[in-house]
Structures are given as structure tokens and as C-alpha cells.
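Take a look at the structure below.
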Protein chains: 2
Amino acid sequence: MPNLVTSDRYQVRSVARALEMLEAVGESGESGLSLTEMAQRLDMAKSSTMAAARTLASFGFLRIEAPGPRYHLGFALLRYGDLVAQMTSLGKIALPLLHELTEETGLTSRLAINEEGYPVFIERVDGRGSVRFHTPLGQRESPHSTGAGKAILAQLGEEQVRRIVNPDDLVAHTANSLTTIDAVLSDLKHVQLVGYAIDNEEGAEGIICVGAPIFSYNGHCAGAVSVTGLKVDITQRVIGPLCTTVLAYSEKISALIGNVRLQ
Amino acid sequence: MPNLVTSDRYQVRSVARALEMLEAVGESGESGLSLTEMAQRLDMAKSSTMAAARTLASFGFLRIEAPGPRYHLGFALLRYGDLVAQMTSLGKIALPLLHELTEETGLTSRLAINEEGYPVFIERVDGRGSVRFHTPLGQRESPHSTGAGKAILAQLGEEQVRRIVNPDDLVAHTANSLTTIDAVLSDLKHVQLVGYAIDNEEGAEGIICVGAPIFSYNGHCAGAVSVTGLKVDITQRVIGPLCTTVLAYSEKISALIGNVRLQ
DNA sequence: TCTCGCGTTCGGTATCACAGAACTCCGTTC
DNA sequence: GAACGGAGTTCTGTGATACCGAACGCGAGA
């Protein structure tokens with residue numbers, strides 16, 4: 001677990017264990033976990049595990065499903081997730097435009113915020129295609145192999161990019177993956193020139209993604225909007241207009257959140 | 001905080017405090033809370049508060065926003081909420097139909113699951129109207145003053161209804177509110193007859209809601225679907241067809257999740 | 001019927017969560 | 001510019017308590 005801001009010292013052990021428990025249950029997926037399974041994964045005594053689980057359950061963070069009780073993620077998480085989405089004003093403002101963008105392109109569109117240079121997707125509108133992209137919300141995604149990530153990175157200086165892009169992550173997922181920091185930097189130069197970023201099967205085979213940055217009232221890059229689709233659907237003939245469309249929407253969203261630099 | 005399933009004994013105090021902290025931060029809304037504000041609300045020492053907050057933050061459940069650090073709900077909650085939504089197969093299956101329903105009616109449509117007789121909304125598609133209904137997801141709503149709640153209640157026996165509907169909650173929010181258990185029961189009889197439930201300004205002035213139950217493969221009531229709109233938009237002329245539409249969609253969803261009782 | 005594995009309860013103990021005091025670092029005021 | 005107040009942070013002692021292990025009850029298979 002990466003510590004985003006804070007140090008390890010002066011933390012509450014039992015709280016951390018409870019949160020690890022949520023992680024474990026989340027990873028278990030649909031099937032959920034039994035008490036003993038949880039205790040084994042967390043390397044705790046069953047009795048301690050139950051105390052923590054009951055606490056989480058009484059707040060709705062876990063849901064206990066009889067019989068032979070199995071633990072699932074609780075609906076309180078749904079409520080809090082909804083709260084976060086509502087509170088993030090960028091998401092609130094941009095969502096109608098995401099729907100429009102998907103309507104217009106037929107592709108899955110997503111909105112990412114800029115969290116210290118990393119893209120964190122906070123809204124998603126699924127496209128018409130039968131393929132559903134597994135794109136979890138709320139977690140940091142790869143900065144250099146997603147359209148949104150590259151759109152955000154392109155707004156930063158070279159030394160910041162070097163700090164954010166972890167050399168260990170520059171591995172070849174596909175034939176097109178960027179595997180050196182120099183390749184990333186030169187790609188970002190291109191993004192700066194045209195205003196949008198293309199992930200041409202760099203993150204996953206057969207998947208293309210176009211992203212463009214969103215600027216807030218103070219000129220800072222607040223995030224990015226992107227569309228994702230299959231290579232077979234996004235032919236060379238449509239990629240040009242698609243980029244123009246995404247860029248237009250990113251500018252619309254920027255304008256909505258008060259950016260006046262445009263025009 | 002109601003204890004859903006578990007008893008108070010054998011819980012972990014520090015975990016409960018941490019979760020209360022999340023509640024407090026959630027209630028604080030956009031502005032977030034400072035460390036001292038949290039400490040005051042939770043009646044804890046600042047140092048203890050900070051330890052808990054740091055633990056939550058290191059797992060992404062809180063987000064620390066400099067300067068003069070203010071604490072907000074973290075994006076991990078978004079991720080978990082998304083996970084819950086994905087895992088709840090009813091929501092996954094019904095969402096496209098909710099979109100259709102909103103498309104067809106122009107109203108906000110919602111999907112509730114049946115949690116021990118209470119409606120818990122897990123999906124929402126906002127209508128075209130300029131009014132946005134504040135309808136949080138993931139928490140138990142009133143069973144007797146919402147369309148979805150009444151649709152679910154109507155599938156239960158009288159003694160179960162008496163157990164679920166708290167007499168203390170039978171207060172008059174509006175002139176149309178049902179204020180006695182007998183009024184509720186007789187209303188439910190009507191719901192059983194026609195198959196759908198109407199909340200005619202019972203929960204809030206000027207707001208009408210039509211709900212219909214969803215049945216799973218085993219014939220149990222899995223939840224309900226409902227549409228919500230302003231009284232001025234839902235005239236007497238359209239309410240009839242609207243009810244038919246909602247009922248039709250509830251049957252479609254029932255069919256999709258494997259209910260074979262229909263036709 | 002016996003047994004195994006599960007969830008649950010309970011009591012003792014070492015841990016660690018907590019409070020409080022001390023400290024630093026602002027911004028404000030006199 | 002010094003003094004002040006209020007903020008966040010660090011540190012330490014200690015008593016509450018989170019944890020473990022053992023025992024219990026129960027249902028499902030064998």
C-alpha cells in the first residue's frame with residue numbers, strides 16, 4: 001500500500017487492519033469472504049477479525065450475508081462513493097458533457113482529475129459497443145500509457161515528469177509501449193503541440209484512447225477527458241475528427257469551470 | 001447509527017471512531033474539516049485524531065488538502081463504491097433499462113434493492129428537467145413515503161410491514177403524508193391490486209414518484225424501480241400511462257434477472 | 001454417532017491507542 | 001518587530017483495550 005501523503009509513524013494499527021480487511025473483501029469480488037478466510041489473509045486471530053468485521057458491518061462498510069456468514073462490501077461505500085463524486089465539482093460539471101461525448105462518438109468516455117500528476121478517473125460513461133472496458137474509478141492510473149495521463153503529464157515540466165514516471169513502470173505491455181523516459185518525453189512534446197494525446201495500443205493491445213487536458217480558472221491543469229475504443233472501431237479515417245472532438249469537449253469543460261484563457 | 005446486524009459488544013473502538021470520522025467529514029460537505037474541527041466533533045484529543053486521520057489518509061479514504069490541511073473524503077471511497085455497484089448484479093443488469101426509462105419519460109429513474117424490507121437506492125439516472133433531486137445512493141430510505149419503498153412493502157405480509165414501519169416515522173411531512181399504520185396498510189392493498197405504487201406528494205411537497213417491484217428468479221422481491229418528477233410536470237393526464245410504463249420496465253428487469261413468473 | 005470445521009464467546013495480558021503537554025510555525029495585532 | 005494566539009505536529013507515560021488463545025455450540029458430512 002503506497003502512502004500518499006503521510007508517514008507510517010503515528011498511525012492506528014487496528015484501523016489499518018480494518019482497512020486492509022476492506023481491501024481483502026474488495027479483492028475477493030462477488031463471492032465475498034468467510035470469517036476464517038479473512039483471518040487467514042490478514043494473519044489475525046479469528047476473534048480479532050470478527051470484532052473488526054462487526055465494527056465495519058455496523059457502519060455499513062461490510063455486509064454480512066447469511067448463511068455461513070460471508071462478508072461483502074457494504075452499501076455505505078456506495079453512499080460515500082456517491083458523495084465523493086457529487087462533491088468533486090469538476091465531475092458534477094463535466095458529467096453531462098461526458099454523456100454528450102459518448103452520444104456523439106459511441107465510445108466510452110472518462111473524466112480524470114490530476115492528482116499530483118497522476119490521472120485518477122472519477123466519472124465514466126460507457127459506450128454503445130458490446131465491449132465494456134474494465135476501468136475502475138478512484139485510483140491512480142498509469143500516467144504514461146493512458147490518453148488522459150499523457151494529456152496531464154504534457155502540462156508539466158520535464159523534471160516533474162521524470163519524478164512522476166517511475167522507470168520500473170516503463171515495461172512493454174504491447175509492441176507500441178513507451179519503454180524509455182526519452183520516448184515518453186518526446187511523445188509529450190507532440191502532445192503539447194497538438195493539444196491532445198493519443199494512446200495507440202500502448203497500454204493494451206487493440207485499444208486506442210484519445211485524451212485532452214482540462215484547465216481550471218487559474219490556468220492549472222485540473223484533469224483530462226478521454227475516450228476509449230477498440231482499434232477495429234477507430235479506423236485511420238476517423239481518428240483525426242475524433243481528436244478534434246475530444247479537444248473541443250475538453251475546451252468546453254475548461255470553459256465551464258471558469259477557464260478564460262481559451263479564445 | 002443503527003446496528004444493522006451485529007451487536008454492540010465485541011467491536012473495535014478505534015475502528016468505530018475512524019468510521020465516525022468519515023461520517024463527520026462526509027457531512028461537512030465540500031468545505032471539508034480541519035484537524036481541530038474533527039477533534040471537536042468526535043470529542044477526541046487532536047493527537048489521537050491525527051493518528052486516525054493519517055491512517056485513513058494512507059489508505060486513500062481521506063484526502064488531505066493543503067494548505068492549513070483540510071480533510072476531505074478520499075478517492076478510495078469512489079473506487080469501493082464503484083466496486084459495490086459493479087458487483088451488485090441487479091444494478092449492472094438494470095442500468096441500461098433505467099437509461100431507457102429516463103429517455104422515455106424524461107424523469108429521474110432510480111433502482112432500489114430490497115434490504116430487509118427497506119429500499120436502498122443503488123443506481124440513479126437523472127432526468128432532463130433542470131431540477132436535480134438530491135437522492136443519495138446506498139442508504140436505507142423511508143419505506144412508506146417513497147414509491148420504491150411502498151412497492152417493496154406491498155410484497156410483504158402485514159406483520160412484517162408492522163415490524164418495518166416505525167410508528168415514530170409516521171409524521172406529516174406534507175398534507176398527503178400517511179400518518180397511521182392503517183393508512184399505510186390500506187395503501188399497500190391498493191398497490192398489490194394494481195402492481196405499482198404512487199407517492200403523491202407524501203414524502204415532499206410538489207414531488208410525485210411512481211414505483212414498481214422487481215422479482216428475482218426465486219420469486220422474491222429483489223427491489224424496485226421508480227421514477228420521480230415534479231407535480232407540475234406529471235399532470236393527471238399523463239400519470240396513467242406513466243404507471244403503465246414503470247410497471248412494464250419493472251417486469252422487463254424482473255425478466256432479465258431470471259424471473260419466469262411473468263407470462 | 002462421531003468428527004471435523006465453522007462461527008462465536010470469554011478472560012487474561014501485553015500492547016498500543018489515547019490524552020496531554022511541549023514544540024514549531026504561521027498570521028495578526030499592538 | 002515583538003508579542004500573541006491558534007494552528008498543526010511531535011513526543012511520552014499509562015491505563016484502557018485490542019488482541020490472542022482456548023473453549024464452546026452447532027451443523028454437515030462421513
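Lettering of chains follows the sequences in order, A, B, ..., and the numbering in each one begins at 1.
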From [atom1] of [X] over to [atom2] of [N], roughly how many Å is that when rounded to an integer?
X       : N      : atom1 : atom2 : result
A:Arg54 : D:dC19 : CZ    : P     : 15 Å
B:Gln11 : C:dT8  : CD    : P     : 13 Å
B:Asp43 : C:dA17 : CG    : C1'   : 16 Å
B:Lys46 : C:dC25 : NZ    : P     : 16 Å
A:Met38 : C:dG7  : CE    : C1'   : 11 Å
B:Met44 : D:dG8  : CE    : P     : 15 Å

So, [X] and [Y], do they make that salt bridge, N to O below 4.0 Å?
X        : Y        : result
A:Arg63  : B:Glu115 : no
A:Arg140 : A:Glu116 : yes
B:Arg41  : B:Glu37  : no

**Message:** Rounded at 0.5 Å granularity, tell me how far OH in A:Tyr80 sits from CG in A:Asp82.
**Reply:**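 Here the interatomic distance stands at 12.5 Å.
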Should [X] be listed as having a side-chain N or O under 4.0 Å from OP1 or OP2 of [N]?
X       : N      : result
A:Tyr10 : D:dT10 : no
A:Arg17 : C:dA17 : no
B:Thr36 : D:dG6  : no
A:Arg70 : C:dG7  : no
A:Ser47 : D:dC20 : no

The side chain of [X] lies closest to which of these nucleotides: [options]?
X       : options                : answer
A:Arg13 : D:dC20, D:dT9, C:dA17  : C:dA17
B:Leu35 : D:dA18, D:dT12, D:dT9  : D:dT9
B:Met50 : C:dG7, C:dC16, D:dT9   : D:dT9
B:Ser34 : C:dG7, C:dA19, D:dG8   : D:dG8
B:Val12 : C:dA19, D:dT9, D:dC19  : D:dC19
B:Ser14 : D:dT10, C:dC18, D:dC20 : C:dC18

**Request:** Assess whether atom CG of A:Asp43 is packed by more than 12 heavy atoms of other residues, nucleotides or ligands within 6.0 Å.
**Result:**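 For A:Asp43, atom CG is not crowded (no more than 12 foreign heavy atoms under 6.0 Å).
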**Asked** If each of A:Gln40 and B:Ser48 is mapped to the nucleotide of DNA chain C with the nearest heavy atom, which maps nearer the 5' terminus, i.e. the 5' end?
**Response**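 With A:Gln40 and B:Ser48 compared, the 5'-side residue is A:Gln40.
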